[in-house]
Structure formats: structure tokens, C-alpha cells
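The structure appears right after this line, and notes come after that.
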Number of protein chains: 2
Amino acid sequence: MSNVSMKFGDVAERYDARARVLKALAHPTRLFIVDRLSEREHCVGELTEAIGADTSTVSKHLSVLKSAGIVSDEKRGLTVNYSLRVPCVLNFFGCVEAVLQANADEQMRALRCGTGE
Amino acid sequence: MSNVSMKFGDVAERYDARARVLKALAHPTRLFIVDRLSEREHCVGELTEAIGADTSTVSKHLSVLKSAGIVSDEKRGLTVNYSLRVPCVLNFFGCVEAVLQANADEQMRALRCGTGE
DNA sequence: TGGCTATTTGGCATTATAGCCAATTACTTG
DNA sequence: CAAGTAATTGGCTATAATGCCAAATAGCCA
């Protein structure tokens, strides 16, 4: 566990892999998709309708999430149905909201007490 | 709370804000930085040494994290010391590892049982 | 003040993402 | 098999992110 002078080069692959997962989540549309899938599975058409973009765009977002292992797909009849494969990603929202709240608080404080930055 | 046919357009700003936070995290070097800062605060020079990139590069990564509200900085003497502002981001690592593990399992299963994809 | 160290900023080339349209594939049903 | 619906893929342009170097800033100490 000795972290003394730990070098990035020695562990870069691990952080690369982690970053790939987070990068897949780091897009407004894809976060919206994850949120929808947390309720129930959806086919591409349903998501496309809710998002209001081209079907191909939504399909590509889904493929990004799938490649990262965040969602899984199952073809049934005419539709392809996507579902959340690793529900723990939903925990992210709580922390992200906490960050946003902290930012909002800070901003408020800066305004009240004279210019911050 | 009715999610019936929720439209992305109506809530896009919220997802934009969330995505900005996740995007700040979605880079191997920045994840490494967050991990280092989870132990204790570090100045830019220490992080630069561990990362092995140009100082300016590391400084810019820190500025990305700071803009997102994930880290805070404090200048003391010659150095600028960064620390984790919202420690709950560390919880992300656990879930991300779970995703990676699930991916690895899947891959293993595919290899054993004949080609998956 | 002048020099020194630590950090940030500006600028630029390289690469990666996003999103649209058009074309293609996959499946179902008449 | 033909036609129709659902989804994916290829291609392209526009925009954003990375990372280096060089230059600018900021604080400390002779």
C-alpha cells in the first residue's frame, strides 16, 4: 500500500480504464439515458422520442454506453431494448449534485461577501 | 415526480451541469490527481513530478478540476496547494471498478463459451 | 530592487467528440 | 419474396479537449 512517490506511469493503465468508463457517462444526453434506464428498460425509439435528436445520434450514444459496459442490449422482435447493467452508477448523481450544491453555495457566499475570485 | 414521457429538452440544463462535473473527472491524469489528493493536499510541483508531464499541463488539469468544483486551492508561500473539496467523488472509484470487473467477467465468459460478440 | 522558484496563461498543432444525413442491415409480416 | 419498421453504420463537418513550448505572473529573499 506504500503510496510514497507513486508514479502515474506505473498505474496509467488502471486510470485509463477508469477514465473510459467515466467518459462514457460524461455527456448530458447519456446521463439522461442512464436516468431513464434506471426506471425500466427502453428501446432506441422511446429514448429518441424523449431526447429529440436523430435516431442515429441516440443509437451512437447507446453504443458508447454499451462499449463502456454501463448498459446492455437485448433484441426482441423489431426493437433493441437497453437496460442498465451496473446500477451503482446511479450513486454518482448524488455526489454530483453535492458538488453542484457546493458550487452554488460558494457562489452565493462570494456574492454576499464581496467578490470572491 | 411523474416521469411519464419526460423530455430531455425540459431538463437539459440539469444534465449539462452534471455532465460538466463528470467530464472534469473523465481523464486518467485527473483521476490520478484526485486519488493523490484523497490522501493529503499536494502542490502542483509534487503532482507534476508524480505524473511526469509538463508543469503547464498539470496546472491546466488542476484548473479543470477546480472549475468543476472538485478541488480547491490555497496559495501558501511559493506553492499553490490543492485539496479535495468534495470527497464523495472517491465513491466513484468503487463503482467504476465494479463496471470494469463486470466487463472482465463478461469477456472471460465469452472466451470460455465461444465467441460472444 | 533583482534574481529565484512556483505556477499560470497564451498560442498552436494534433486528436477526439458530436450530430446530422444517407445508406445499410435486421427482423417481421403480408 | 416484397414491403415496412427499427436500428446501426459510414461519411462528413464543426467543435472541443490535450499537451507542449514560450512567455507572463506572483511571492520570497538577498
Side-chain angles (χ1 to χ4, degrees), chain A residues 8-9 12 15-34 36-37 41-68 70-83 116-117, chain B residues 7-9 12-13 15-34 36-37 41-68 70-83 116-117:
Chain A
F8 180 61
Y15 287 95
D16 277 356
R18 290 173 176 174
R20 271 193 292 277
V21 174
L22 286 176
K23 204 140 60 157
L25 285 169
H27 188 286
T29 301
R30 294 197 289 266
L31 287 178
F32 179 81
I33 288 173
V34 166
R36 291 296 72 57
L37 296 185
E41 66 168 36
H42 286 281
C43 66
V44 180
E46 290 171 336
L47 294 169
T48 298
E49 142 96 34
I51 289 165
D54 196 273
T55 310
S56 69
T57 299
V58 174
S59 175
K60 276 174 183 171
H61 280 308
L62 285 164
S63 129
V64 169
L65 289 170
K66 184 184 164 189
S67 296
I70 294 163
V71 305
S72 58
D73 62 339
E74 190 183 353
K75 184 154 207 167
R76 277 199 306 279
L78 278 180
T79 66
V80 177
N81 298 271
Y82 283 86
S83 53
E117 312 301 73
Chain B
K7 289 301 193 305
F8 181 60
E13 271 188 47
Y15 288 95
D16 277 356
R18 289 172 176 175
R20 271 192 292 277
V21 173
L22 286 176
K23 203 142 57 160
L25 284 169
H27 188 286
T29 301
R30 295 196 290 267
L31 287 178
F32 179 80
I33 289 173
V34 166
R36 288 308 115 260
L37 296 185
E41 66 168 36
H42 285 281
C43 67
V44 181
E46 290 170 335
L47 294 169
T48 299
E49 142 96 34
I51 291 165
D54 196 274
T55 309
S56 70
T57 299
V58 174
S59 175
K60 276 175 183 171
H61 279 308
L62 285 164
S63 128
V64 168
L65 288 169
K66 184 184 164 190
S67 296
I70 295 164
V71 305
S72 58
D73 63 338
E74 189 183 352
K75 184 154 207 168
R76 277 199 306 279
L78 278 180
T79 66
V80 177
N81 297 272
Y82 283 86
S83 53
E117 311 302 71

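All heavy atoms count here, side chains included; hydrogens, waters and symmetry mates do not. Every chain is numbered from 1, with letters handed out A, B, ... down the list of sequences.
Judged purely by atom type and a 3.5 angstrom limit, B/Ser67 uses its side chain to pair as donor or acceptor with the backbone of B/Ser63.
Of the two residues near DNA chain C, A/Ala53 and A/Gly77, the one whose nearest nucleotide lies more 5' is A/Ala53.
Within 4.0 Å (heavy atoms only), A/Arg76 reaches no atom of the nucleic acid at all.
By the salt bridge (charged side-chain N to carboxylate O under 4.0 Å, His left out) test, A/Asp16 is found to be paired with no residue, residues two or more places apart in sequence or in another chain being considered.
Counting only heavy atoms from C-beta outward, the side chains of B/Lys7 and A/Glu49 approach each other to under 4.5 Å. Side chains of A/Asp73 and A/Val44 form no contact here, defined as non-hydrogen atoms less than 4.5 Å apart. Side-chain contact check for B/Arg30 versus B/Leu25: every heavy-atom pair is 4.5 Å or farther apart. When side chains are defined from C-beta on, B/His61 does not count as touching B/Leu65, because their heavy atoms never get closer than 4.5 Å.
Between B/Leu47 atom CG and D/dG19 atom C1' the separation is 17 Å, expressed in whole Å. Distance, A/Arg20 CZ to C/dA16 C1': 14 Å, rounded to whole Å. Atom CD of B/Glu74 and atom P of D/dA26 are 18 Å apart (whole Å). Taking atom CG of B/Leu65 as the reference point, atom P of D/dA17 lies 14 Å away to the nearest angstrom.
Listed by residue number, A/Lys23, A/His27 are the residues of residues 21-28 of chain A with a heavy-atom contact under 4.0 Å to DNA chain C.
A close approach under 4.0 Å does occur between a side-chain nitrogen or oxygen of B/His61 and OP1 or OP2 of D/dG19.
Both distances falling under 3.5 Å, in either a Watson-Crick or a G-U wobble arrangement, place D/dA30 opposite C/dT1.
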Give every pair of a protein N or O atom and an N or O atom of nucleotides 5-10 of chain C that lie under 3.5 Å apart, one pair per line with the distance.
residue	atom	partner	partner atom	Å
C/dT7	OP1	B/Val44	N	3.2
C/dT7	OP1	B/Val80	N	3.3
C/dT7	OP2	B/Gly45	N	2.8
C/dT8	OP1	B/Tyr82	OH	2.7
C/dT8	OP2	B/Ser59	OG	2.6
C/dT8	O5'	B/Ser59	OG	3.3
C/dG10	O6	B/Lys60	NZ	3.0

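Between B/Phe32 and A/Phe8, the two ring planes are perpendicular [angle over 60°; tilted spans 30° to 60°].
The shortest heavy-atom contact between A/His42 and A/Leu37 is N-CD2, 3.7 Å.
For the atom pair A/Lys75 NZ and A/Asn81 CG, the distance stands at 10.5 Å (nearest 0.5 Å).
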